[in-house]
Amino acid sequence: MANPKIGICLGSKSDLPQLENAQKLLKEMGVPYEVRILSAHRTPGRAAEYASGARGRGIKVLIGMAGVAAHLAGALAAHSDLPVLGIPAAGGPLSGFDALLATVQMPPGVPVATFAVGKMGATNAALFACQIIAQTEPEVQQGIVDYRAAMRAKVQAADAELNS
Ligand code: RP5
């Protein structure tokens, strides 16, 4: 996408399926984003370079998703003062619990806003990124209002159906 506002980094191509719903959501919201595979341990130089240059390229929010010893979001935050959202990827012998702790337990000074493990966290990170961008872009704010209205209507319809 041209002029991405959200930069999403995955530690591996194997994390990509966990991002599908989040990508669909960002497309619906009309917020341009890009997805890169940049490992904090396999390609540390490229990950650092990407994070350092993100603000200058017009990126407003960085998202890092990685599994197991998941230090990708922290590594992005180390090289950028943009808000960094972390998604612990599910999988591995500990089912993502290791990634959750690795992502959430940042020492003071370099924050990473950490979301739930896997697909659910990816969706919420995408929504949260939209909420950050919505602070200066009213059309994105309207997208969030519409999203919540649609969610309410769906729950109300399910309740009505169950009780009809
Ligand atoms: C992490 O290791 C990746 O984010 C992925 O979740 C996990 C396994 O990576 P692959 O071996 O599938 O490439 O760095």
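Source: prediction; values computed, not measured. In this chain, residues are counted from 1 in sequence order. Each ligand, and each atom within it, is numbered from 1 in the order the structure gives.
A salt bridge links Glu28 to Lys24: at least one charged side-chain nitrogen sits closer than 4.0 Å to a carboxylate oxygen. With salt bridges taken as basic N to acidic carboxylate O contacts below 4.0 Å, one links Glu137 and Lys5.
For the side chain to side chain donor-acceptor pair (under 3.5 Å) condition, the pairs that include at least one residue of residues 80-100, sequence neighbours left out, are Arg55-Asp81.
Sorted by chain and number, the heavy-atom contacts of ligand 1 below 4.0 Å come from Gly11, Ser12, Ser14, Asp15, His41, Arg42, Ala66, Gly67, Val68.
Residues Gln142 and Tyr147 have side chains that never bring a donor and an acceptor to within less than 3.5 angstrom of each other.
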Quick one: do Leu10 and Val35 satisfy side-chain contact (heavy atoms from CB on, under 4.5 Å)? Show the steps, please.
CA-CA 7 Å; Leu10 303 179; Val35 181; 3.9 Å; yes
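No option in Lys60, Glu139, Gln141 other than Lys60 meets the side chain to side chain contact (heavy atoms under 4.5 Å, CB included) test with Ile133.
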